[in-house]
Amino acid sequence: MSTQSGNGARRVTVADLREMKRRGDPITSLTAYDYLFARLVDQAGVDVILVGDSLGQVVLGLDSTLPVTLDDMIHHARAVRRGVERALLVVDLPFLTYQISPQEALRNAGRVLQETGASAVKLEGGSDEIAQTVRTLVRAGIPVMGHLGFTPQSVNVTGVRVQGRDEDGPRRILEEARRLEEAGCFAMVLELVPGAIARTVTAQVGIPTIGIGAGAECDGQVLVLHDMLGLNPGFQPRFLRRFAEVGELASEGVGAFVRAVKEREYPAQEHTFE
Ligand code: KIV
């Protein structure tokens with residue numbers, strides 16, 4: 001059920017996540033995009049590290065995830081991999097790398113696993129076409145995490161809003177969740193859905209649900225690292241708790257450096273080589 005990492009640490013596997021759901025043990029997940037943060041997140045005991053295509057907004061300064069490329073994802077995932085000893089590493093397949101055909105999806109997902117050393121990919125949506133793609137990847141030995149509710153790659157169709165509030169919403173989301181499970185996904189993210197829908201889906205599917213803005217009754221919770229650390233102070237959606245104010249600390253530190261240099265107080269004698 002588990003594999004060993006380079007230093008002998010036990011790696012989290014997709015089977016472990018299913019077992020955690022069975023035991024009712026909450027699954028923790030955060031994003032990471034570089035080596036040092038990945039190491040920090042891994043050492044804190046997070047179960048699943050996601051190299052999310054939220055990379056577009058929080059690292060590359062883009063307006064959405066749509067311009068993020070497969071090469072961007074691979075570049076960052078390789079750095080993250082070097083910092084991860086224990087967590088299950090999942091990488092997002094970006095926009096248009098899996099929607100065109102299952103064969104293209106297979107080639108691209110295969111590249112992700114081969115070139116980064118990640119264990120799984122994540123893709124968005126719950127249509128029949130997406131389910132067919134999931135089947136193709138899983139048959140080739142690539143574990144797939146699904147993503148339902150608000151799917152950021154469809155932001156131009158849906159806008160950023162809680163999904164499933166229309167009359168047919170609860171039935172539709174449950175049907176998509178069952179389709180993803182049946183196609184072979186090992187887990188799924190539920191983003192921006194009412195708590196009651198997340199509760200029903202979590203109870204009705206055998207694979208773990210990992211919520212973001214989906215209430216407390218999912219099998220696990222995921223957040224974007226930079227948001228939960230307060231590195232993106234303007235961003236405060238209702239579901240987000242800031243677990244630290246790293247942005248404030250960083251600003252104070254940088255300001256202190258500027259003042260110290262301007263006032264010729266840094267470097268001092270102890271920082272200077274004889
Ligand atoms: O890209 C991302 O960071 C994600 C999480 C919000 C789940 O998909």
Side-chain angles (χ1 to χ4, degrees), residues 5-7 9 28-87 89-92 94-95 112 115-118 150 152-153 155-156 159-160 191-192 212-213 221-274:
S5 69
N7 74 354
T28 55
S29 179
L30 288 173
T31 63
Y33 315 95
D34 63 26
Y35 166 71
L36 279 181
F37 270 127
R39 196 173 66 174
L40 188 150
V41 170
D42 191 56
Q43 290 178 353
V46 167
D47 302 308
V48 179
I49 295 183
L50 171 69
V51 185
D53 57 359
S54 50
L55 163 73
Q57 291 100 318
V58 300
V59 176
L60 302 179
L62 300 167
D63 284 343
S64 78
T65 59
L66 273 74
V68 175
T69 66
L70 191 65
D71 286 339
D72 291 333
M73 296 304 298
I74 288 175
H75 176 76
H76 285 268
R78 284 163 64 94
V80 168
R81 169 81 278 168
R82 295 182 197 117
V84 176
E85 295 283 353
R86 175 188 171 272
L89 181 58
V90 182
V91 178
D92 261 340
F95 184 56
V112 169
E115 295 179 30
T116 71
F150 172 63
Q153 292 173 18
V155 65
N156 290 315
V160 182
E191 180 162 0
L192 294 188
I212 173 165
Q221 297 292 328
V222 59
L223 286 175
V224 169
L225 182 70
H226 293 49
D227 298 342
M228 57 79 74
L229 288 182
L231 278 161
N232 191 7
F235 184 67
Q236 188 52 72
R238 173 171 169 172
F239 68 81
L240 177 66
R241 183 195 289 185
R242 291 207 208 139
F243 287 82
E245 294 297 344
V246 177
E248 269 175 29
L249 271 179
S251 294
E252 279 168 29
V254 173
F257 165 77
V258 170
R259 281 191 302 280
V261 172
K262 294 282 185 200
E263 289 163 19
R264 298 188 184 283
E265 182 256 309
Y266 175 82
Q269 193 55 43
E270 71 264 29
H271 306 118
T272 307
F273 298 106
E274 298 299 333

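- When all heavy atoms of Y33 and G52 are compared, the closest pair comes out as CE2-O, 3.5 Å.
- Looking at residues two or more places apart in sequence or on another chain, you find a salt bridge (Lys or Arg N to Asp or Glu O under 4.0 Å) between D47 and R86.
- Here S251 pairs with nothing under the side-chain contact (heavy atoms from CB on, under 4.5 Å) rule; sequence neighbours left out.
- Between L66 and N156 there is a side-chain heavy-atom pair separated by less than 4.5 Å.
- A heavy-atom distance below 4.5 Å is not found between the side chains of M73 and V112.
- The side-chain contact (heavy atoms from CB on, under 4.5 Å) search around E248 returns E245, not counting sequence neighbours.
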Donor-acceptor contacts under 3.5 Å from residues 263-274 side chains, at least two apart:
unit_1, atom_1, unit_2, atom_2, d
H271, ND1, A268, N, 3.0
T272, OG1, A268, O, 2.9

Extract all donor-acceptor atom pairs below 3.5 Å that involve side chains of residues 224-233 and protein atoms in other chains or at least two apart in sequence.
unit_1, atom_1, unit_2, atom_2, d
D227, OD1, N232, ND2, 3.3

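- By the salt bridge (Lys or Arg N to Asp or Glu O under 4.0 Å) test, E115 is found to be paired with R111, residues two or more places apart in sequence or in another chain being considered.
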- Could you go through the side-chain contact (heavy atoms from CB on, under 4.5 Å) check for F239 and L192 one step at a time? CA-CA 9 Å; F239 68 81; L192 294 188; 3.8 Å; yes
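- Between H75 and D71 there is no side-chain heavy-atom pair separated by less than 4.5 Å.
- Remark: the backbone N or O of R39 is not paired with any side-chain donor or acceptor of D42 at under 3.5 angstrom.
- Across all their heavy atoms, I212 and V222 have their closest contact at CB-O, 3.4 Å.
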